[in-house]
Amino acid sequence: MIAESYNPQVIEAEAQRHWDEQRAFAAREEPGREKYYCLSMFPYPSGRLHMGHVRNYTIGDVIARYQRMLGKNVLQPMGWDAFGLPAENAAMASGVAPAQWTFDNIAYMKRQLKSLGFAVDWAREVATCAPEYYRWNQWLFLRMLEQGVVYLKTGVVNWDPVDQTVLANEQVIDGRGWRTGALVEKREIPMYYMAITRYAEELLAELDHLPGWPEQVKLMQKNWIGKSHGVRIGFPYRLPSSAGSGAGSAGESGILWVFTTRADTLLGATYVAVAAEHPLALHAAKNNPALAIFIDECRHGGVTEAELATQEKKGMPTGLTVTHPLTNEPLPLWVANYVLMGYGEGAVMAVPAHDERDFAFAHKYNLPIKPVIRTSAGDETPAPWRDAYADYGACINSGPYDGLNFEQAVDAIAADLSDKALGEKKVTWRLRDWGISRQRYWGTPIPIIHCADCGAVPVPDAQLPVVLPPHLVPDGSGNPLNKHPEFLHCACPQCGKPARRETDTMDTFVDSSWYFFRYCAPDADMMVDGRANYWMPVDQYVGGIEHAILHLLYSRFWTKVMRDLGLTTVKEPFANLLTQGMVVAPTFYREGVDGRKQWINPADVAVQTDDKGRPVAATLRGDNQPVTIGAIEKMAKSKNNGVDPQTLIEQYGADTARLFMMFAAPPDQALEWSDSGVAGAYRFLRRLWAYAAEHQDAIRAAGEVNAAILSEPLRAARREVHEALRQALFDFSRHQFNTVVSGGMKILNALSRIEADVDAHAAAARREGLGILLRLLSPIAPHITHALWRELGYGEDVLNAAWPEPDTAALTRSLVTLVVQVNGKLRGQIEVPVDADRVAIERAAQAEPNVQRFVEGRPIRKIVVVPGKLVNVVC
RNA sequence: GCUGGUGUGGUGGAAUGGUAUACACACAGGACUUAAAAUCCUGCGGCCUUGACUGGCCUUGUGGGUUCGAGUCCCACCACCAGCACCA
């Protein structure tokens with residue numbers, strides 16, 4: 001018996017209990033049966049689920065349930081990306097140890113996830129902060145060290161001189177430390193690197209073999225990897241003899257190397273610039289106090305590329321010159337803050353006539369500008385800059401190279417440089433090796449021991465895992481592991497003498513670079529076992545677009561490393577990728593006396609609208625005083641515009657939350673939060689329930705539809721149902737779930753229009769239509785469809801039902817309506833038999849009065865007929 | 001700054017090169033009710049035309065182009081969003 005009113009709390013608890021009892025989502029390896037590994041990016045356990053999580057996991061769950069109904073053996077696991085900075089921040093704020101905070105959050109969020117009814121195999125849950133997990137980070141790190149894929153070199157970090165600590169980019173605000181307000185400095189420290197550049201060629205090439213990835217993500221990765229062909233060019237130099245050495249003695253000589261993709265402009269180089277940290281810059285600064293001060297200034301500020309690229313371009317001459325490799329002219333050597341030590345050679349040749357940045361720099365510092373390419377903008381380079389100056393073209397003012405085009409000039413110049421041993425063609429990559437050392441506590445300990453005699457010694461495998469002491473509480477000044485003797489002091493594995501453990505931990509991107517392997521064999525006594533060869537690769541990966549580059553690239557890299565170590569047979573981890581859009585919401589604020597904005601949560605605001613429903617004003621519910629309406633932005637703590645999904649689930653139930661999320665926008669677009677949209681989703685589910693309750697007896701008793709003897713209204717209703725079904729199945733296959741929901745609404749609308757009577761034909765049509773609707777909606781709203789499916793006697797578990805197929809007989813009609821255009825403009829409609837031939841259609845179209853009016857006796861040049869759709873009369 | 005994306009009614013959005021605005025939300029009017037809520041019904045891009053039926057013109061950020069036909073493909077521009085290597 002179906003209760004009169006829809007009570008989501010009761011039916012959702014009941015459905016979830018049923019699935020638990022049945023172990024409905026336990027995934028087992030069944031060789032020979034087609035598998036489907038559906039994976040959503042695991043959450044960081046920040047405290048509570050946010051709307052982005054609900055959206056992400058609903059999308060993944062809909063796909064998993066859709067594939068299950070296609071008959072696949074589906075694996076959908078879940079776990080926790082549990083190491084990271086927020087736990088340390090929480091510890092500083094409240095004194096709770098990161099481990100405690102993290103595990104409490106996991107417990108709460110797991111309950112929330114379960115209440116949403118996701119078809120997850122919880123037996124495979126992993127948390128990256130568990131020693132059983134991160135020991136394999138350490139183990140693979142050691143294998144990579146053996147292979148030379150991990151190595152040590154210096155890297156640049158943000159240094160807070162007051163707290164004496166390294167800051168994450170996020171902790172640097174306008175060039176200052178977030179807690180101390182001190183000006184941040186760049187500092188070089190030794191770090192471990194993973195040689196992702198060794199795989200650059202393969203990471204690039206394999207993108208062409210990932211048809212299931214969005215083009216935009218592949219393009220972003222391609223540009224990030226940044227393969228460029230160019231020429232490495234040497235500029236010989238001779239340093240002046242230093243002040244201390246005897247007069248007349250020659251100074252040290254050498255070659256300054258640069259890389260350029262525009263070797264054809266070499267004759268236009270008018271100066272050479274090096275990074276502030278470049279050895280030549282440091283050498284020149286020894287006898288040049290002003291230059292030393294400039295170089296010191298370049299140390300201020302953060303290390304992000306965005307900051308470096310947008311800062312004011314500044315430079316200073318070193319007083320040194322280098323020699324042009326072809327003309328032997330002396331060129332001034334400058335230090336410039338826009339040259340990055342970490343990219344290429346840390347030095348560039350500057351061609352102001354054909355490079356926008358060099359052009360601006362040359363103007364600012366009065367350096368010569370020499371055009372050497374005939375561009376579409378002409379032979380000169382007058383200010384202001386025009387993009388055309390950077391065009392390719394024939395060489396001019398370039399002596400023997402005049403008249404050559406780009407390729408010819410590059411070939412000729414590279415050959416001449418090669419003869420002098422001052423250059424060769426070279427491929428370079430924008431991609432840099434991955435620095436994984438973090439001077440932080442809450443992460444995977446790097447398994448290295450420092451011995452005074454033996455140096456940096458790898459921890460032997462038998463001593464893994466190096467366990468992180470779980471009860472430390474960071475205080476914001478440095479890494480607490482450095483103050484923890486039990487962790488710090490150990491014996492050297494080689495000589496046995498007292499030694500010191502490495503206290504740096506790994507970047508948390510390491511944790512997330514292979515967790516999808518661990519789900520396949522969460523209890524294995526090795527990193528992965530043969531079960532991974534059954535499940536991998538992931539068939540569908542779902543997550544935020546913000547991960548399009550780093551996480552996905554690192555995961556691809558780790559997979560290739562694991563393949564080369566014989567740990568897996570796959571070379572790419574994710575066959576298909578869906579990048580979901582953000583959840584956004586309006587913002588509200590008041591300005592405080594100090595001009596700072598106080599952000600007010602949308603839940604506490606009442607919005608007044610005009611007669612068209614547009615918001616015109618808003619007031620705070622507490623005091624009824626006005627608040628300012630801000631922009632619509634990504635739900636975030638900083639703007640206090642987050643809506644807590646828990647309230648939504650408690651008020652309306654999981655099915656409403658899921659239905660709203662799927663209906664409000666296609667998965668890959670931004671989703672705007674709307675209270676009334678949620679109410680609308682709830683209203684639809686209530687309508688569905690009420691319809692089932694009202695007709696339950698007739699539906700239970702109904703037989704099969706007899707298509708041959710249906711009345712015209714029933715035939716029409718049935719056609720609508722099957723048309724919506726056909727479209728919805730297509731939309732499922734392309735993951736456009738918002739129109740799947742529309743299709744479901746159309747079906748319920750069509751069924752509701754069937755006249756209420758006791759006709760057995762009507763009952764049969766209702767039974768068929770509702771059966772289709774319940775299956776269509778079951779991946780999206782699994783609880784209500786589960787309950788109704790059973791109650792109406794369709795079967796045991798809708799989750800195991802097969803997809804219905806549209807009945808082609810229901811779709812066919814005897815007459816079709818064709819749109820008639822004249823010269824592409826809509827002028828009328830004609831109704832023709834479905835099997836009308838082209839001549840008959842053309843005749844009917846020309847006979848239409850409005851068509852005749854617009855043709856007006858002009859000769860008809862052509863008639864385009866699109867079968868079943870339209871006729872276009874061209875005259 | 002560089003890289004990638006997005007732009008359609010009052011709002012979220014639909015349209016597989018072929019009737020732009022499906023399906024919802026909001027709003028307005030009506031039914032039911034003592035009343036409210038809930039529910040149900042009707043209307044709903046703009047301008048013009050007609051007594052009405054009808055019909056016309058305009059409209060998918062802006063300006064061009066390709067095509068019998070463009071929201072969709074191409075070029076340029078504008079606005080907004082995301083990422084930029086230590087947030088995850």
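Within every chain, numbering begins at 1; the chains are lettered A, B, ... in the order of the sequence lines, protein sequences first and strands thereafter.
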Please enumerate all protein N or O atoms sitting under 3.5 Å from an N or O of nucleotides 82-85 of chain B, with distances to 0.1 Å.
from: A85(B); atom 1: OP2; to: E305(A); atom 2: N; distance (Å): 3.0
from: A85(B); atom 1: N6; to: R430(A); atom 2: O; distance (Å): 3.0
from: A85(B); atom 1: N1; to: R432(A); atom 2: N; distance (Å): 3.0

Measure [atom1]/[X] against [atom2]/[N] and give the value in whole Å, please.
{"X": "L777(A)", "N": "A24(B)", "atom1": "CG", "atom2": "P", "answer": "13 Å"}
{"X": "Q311(A)", "N": "C2(B)", "atom1": "CD", "atom2": "C1'", "answer": "14 Å"}
{"X": "K825(A)", "N": "G55(B)", "atom1": "NZ", "atom2": "P", "answer": "15 Å"}
{"X": "F854(A)", "N": "U54(B)", "atom1": "CZ", "atom2": "C1'", "answer": "13 Å"}
{"X": "E672(A)", "N": "G10(B)", "atom1": "CD", "atom2": "C1'", "answer": "13 Å"}
{"X": "L553(A)", "N": "U3(B)", "atom1": "CG", "atom2": "P", "answer": "18 Å"}
{"X": "L685(A)", "N": "A24(B)", "atom1": "CG", "atom2": "C1'", "answer": "13 Å"}
{"X": "E215(A)", "N": "U3(B)", "atom1": "CD", "atom2": "P", "answer": "18 Å"}

Looking only at atom [atom1], what distance separates [N] and [M], rounded to whole Å?
{"N": "A22(B)", "M": "G13(B)", "atom1": "P", "answer": "15 Å"}
{"N": "A24(B)", "M": "U39(B)", "atom1": "P", "answer": "14 Å"}
{"N": "C32(B)", "M": "C41(B)", "atom1": "C1'", "answer": "11 Å"}
{"N": "G63(B)", "M": "A70(B)", "atom1": "C1'", "answer": "16 Å"}
{"N": "G46(B)", "M": "G51(B)", "atom1": "C1'", "answer": "24 Å"}
{"N": "G18(B)", "M": "C86(B)", "atom1": "P", "answer": "45 Å"}
{"N": "C74(B)", "M": "C23(B)", "atom1": "C1'", "answer": "32 Å"}
{"N": "C68(B)", "M": "G61(B)", "atom1": "C1'", "answer": "28 Å"}

Contacts of R176(A) meeting salt bridge (charged side-chain N to carboxylate O under 4.0 Å, His left out) (sequence neighbours excluded), chain-then-number -> none

All salt bridge (charged side-chain N to carboxylate O under 4.0 Å, His left out) counterparts of R853(A), not counting sequence neighbours: none

Quick check: any donor-acceptor pair below 3.5 Å linking the side-chain of R440(A) to the base of C86(B)? yes

Is the glycosidic torsion of G9(B) within 90° of 0, making it syn, or is it anti? syn

I'd like to know whether the aromatic ring centres of F361(A) and Y338(A) sit less than 6.0 Å apart in this structure. yes

Under 3.5 Å for both distances, Watson-Crick or G-U wobble, that's the pair rule; now give the dot-bracket for RNA chain B, with | marking pairs to another strand and [ ] for crossing ones. (((((((..(((.....[....))).(((((.......))))).((((......))))..(((((..]....))))))))))))....

Classify [X] by what it touches in the nucleic acid, base, sugar-phosphate, or nothing, heavy-atom distance under 4.0 Å.
{"X": "S437(A)", "answer": "base"}
{"X": "F684(A)", "answer": "nothing"}
{"X": "Q736(A)", "answer": "sugar-phosphate"}
{"X": "T310(A)", "answer": "base"}
{"X": "M191(A)", "answer": "base"}
{"X": "V172(A)", "answer": "nothing"}
{"X": "A681(A)", "answer": "nothing"}
{"X": "P666(A)", "answer": "sugar-phosphate"}
{"X": "Q171(A)", "answer": "nothing"}
{"X": "F730(A)", "answer": "base"}

With side-chain hydrogen bond (donor to acceptor under 3.5 Å, both in side chains) as the rule and sequence neighbours excluded, what pairs involving residues 656-667 of chain A come up? D61(A)-R658(A)

Does [N] have its OP1 or OP2 closer than 4.0 Å to a side-chain nitrogen or oxygen of [X]?
{"X": "N89(A)", "N": "C87(B)", "answer": "no"}
{"X": "R357(A)", "N": "G1(B)", "answer": "no"}
{"X": "R683(A)", "N": "A26(B)", "answer": "yes"}

Go through the structure and list residues passing side chain to side chain contact (heavy atoms under 4.5 Å, CB included) with H551(A), not counting sequence neighbours. M41(A), F509(A), S512(A), Y515(A), Y541(A), H547(A), S555(A)

Contacts of W385(A) meeting ring-ring contact (aromatic ring centres under 6.0 Å, His included) (sequence neighbours excluded), chain-then-number -> F359(A), Y389(A)

Quick tally for nucleotides 72-79 of chain B: nucleotides whose base has a protein heavy atom under 4.0 Å get B, sugar-phosphate-only ones S, the rest -, giving --------

Going by heavy atoms in the side chains, are L210(A) and R556(A) under 4.5 Å from each other? yes

Taken in chain and number order and not counting sequence neighbours, the residues that satisfy side-chain hydrogen bond (donor to acceptor under 3.5 Å, both in side chains) with Q171(A) are none

Those residues at least two apart in sequence (or on a different chain) that pass side-chain hydrogen bond (donor to acceptor under 3.5 Å, both in side chains) with R687(A) are N749(A)

Quick test of your reading: applying salt bridge (Lys or Arg N to Asp or Glu O under 4.0 Å), list the pairs with at least one residue in residues 43-53 of chain A, sequence neighbours left out, ordered by first then second residue. R48(A)-D644(A)

Is the cationic atom of K153(A) (NZ for Lys, CZ for Arg) positioned less than 6.0 Å from the six-membered ring centroid of Y193(A) and within 45 degrees of its normal? yes

Under the 6.0 Å and 45° cation-pi test, does R827(A) pair with F854(A)? yes

Go through it in stages, so that I can follow the logic: the residues are Q727(A) and D731(A), the test is side-chain hydrogen bond (donor to acceptor under 3.5 Å, both in side chains), and I'd like the CA-CA distance, side-chain angles, deciding distance and then a yes or no. CA-CA 6 Å; Q727(A) 183 65 36; D731(A) 289 340; 3.2 Å; yes

From CZ (F83(A)) to OH (Y441(A)), nearest 0.5 Å: 8.5 Å

Establish, from distance only, whether the side-chain atoms of T579(A) and D668(A) form a donor-acceptor pair under 3.5 Å. no

Between D504(A) and Q439(A), a side-chain donor and acceptor under 3.5 Å: yes

Nucleotide N/O to protein N/O under 3.5 Å, stretch nucleotides 17-23 of chain B:
from: A22(B); atom 1: O2'; to: K746(A); atom 2: NZ; distance (Å): 3.0

Quick check on RNA chain B: between R853(A) and S674(A), whose nearest nucleotide comes earlier from the 5' end? S674(A)

Closest-nucleotide mapping onto RNA chain B: is Q669(A) or E170(A) further toward the 5' terminus? I mean the 5' end. Q669(A)

Nearest non-hydrogen partners of A548(A) and V217(A), listed with the distance: O-CG1, 3.7 Å

